[in-house]
Amino acid sequence: MTDVEVVATVEGLRSRLEAERAAGRQVGLVPTMGFLHAGHASLIDAAVAGNNVTVVSVFVNPLQFAPDEDLADYPRDPEADMDVCGRHGADLVFAPSVAQMYPEPGVPEIEVGDLASRFEGASRPTHFGGVAMAVSRLFDIVGTSRAYFGEKDFQQLAVVRQMVADHGVPVEVVGCPTVREHDGLALSSRNAYLTAAERREAPVLRRALLAGTAAVAGGEADPGAVASLMAEVIGGATTGELDYAAVIDPDTFEAPPRITRAGVRLLVACRFGRARLIDNMAAVPT
Ligand code: PAF
């Protein structure tokens, strides 16, 4: 357990990290919206293991919620968050206000490109623009660093990598494996919205992904057939509303002609009442 220092201003964080870097220390950043769970903790562990100073940002970013989404209800627990950060060895928590993050009204939008228009971007058209705004601002404030993101939000990870490459941002983006409950449900702050009955059904997402990987292992190379199989598994076992079940090339997020290489990814998204859950898996385990 370390004592975690909380910094609420951009200026405070910048000067603190400049001193660290001047002393030759490597900075790790874990961007979060708080309500930290074991998935976030695994990102903090990776950052602590790979860097000298770890900053966890806690900021519920209003720009990535559409007007009809759950910004007002988004779960928050600042005390528990501090506890997780301390127990996992983070050094600093950056908890800015909206005014600190976005001081100028009408800040220019970040171009997120084609990757961001599909799947999550199609269901939530303003989402990745908002994520890109928060992440690029954090990268600008924190400066040269390594930043840790969960693979659970596979498309977000791809959009962030693309943004860093397009704009020559001096941040190394590190993707970390999804952390799951004992029954396979991927950890997500939004799991808190599930009723007991929905919680029992939600692991079907992972079962669908496993059915997809099993089909590929058995020789199925047609992306359409694998996507239909995943949709059937979900449709057959839940009252949840399937949003998509897809097989994608991770570079383009388009369907590959055939499932021939290890990088191909299986994606699913499903709404269970108030909770819209997503999950993904490599089509061919690595
Ligand atoms: O994954 C999240 O929690 C958020 O999208 C992020 C990356 C912290 C940006 O607000």
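Whatever order the structure lists ligands and atoms in, that order sets their numbers, starting from 1.
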Is it true that R180 and D279 have a side-chain N and a carboxylate O under 4.0 angstrom from each other?
->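 So R180 pairs with D279 through a salt bridge.
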Side chains of [X] and [Y] only: does a donor on one sit below 3.5 Å from an acceptor on the other?
{"X": "Y244", "Y": "E120", "value": "yes"}
{"X": "N191", "Y": "R199", "value": "no"}
{"X": "D70", "Y": "Y193", "value": "yes"}

Starting from atom 3 (O) of ligand 1, which protein heavy atom do you reach first, and at what distance in Å?
->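 Protein heavy atom with the smallest distance to atom 3 (O) of ligand 1: M33 CG, 3.6 Å.
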Identity and separation of the nearest protein heavy atom to atom 10 (O) of ligand 1 =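 Its nearest protein heavy-atom neighbour is Q64 OE1, 2.6 Å.
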Enumerated ligand 1 atoms positioned under 4.0 Å from heavy atoms of Q156 |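 So the answer, numbered in order with elements, is 1 (O), 2 (C), 4 (C), 5 (O), 7 (C).
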Ligand-side contact atoms (ligand 1) for residue partner T32, heavy atom cut-off under 4.0 Å = 8 (C)
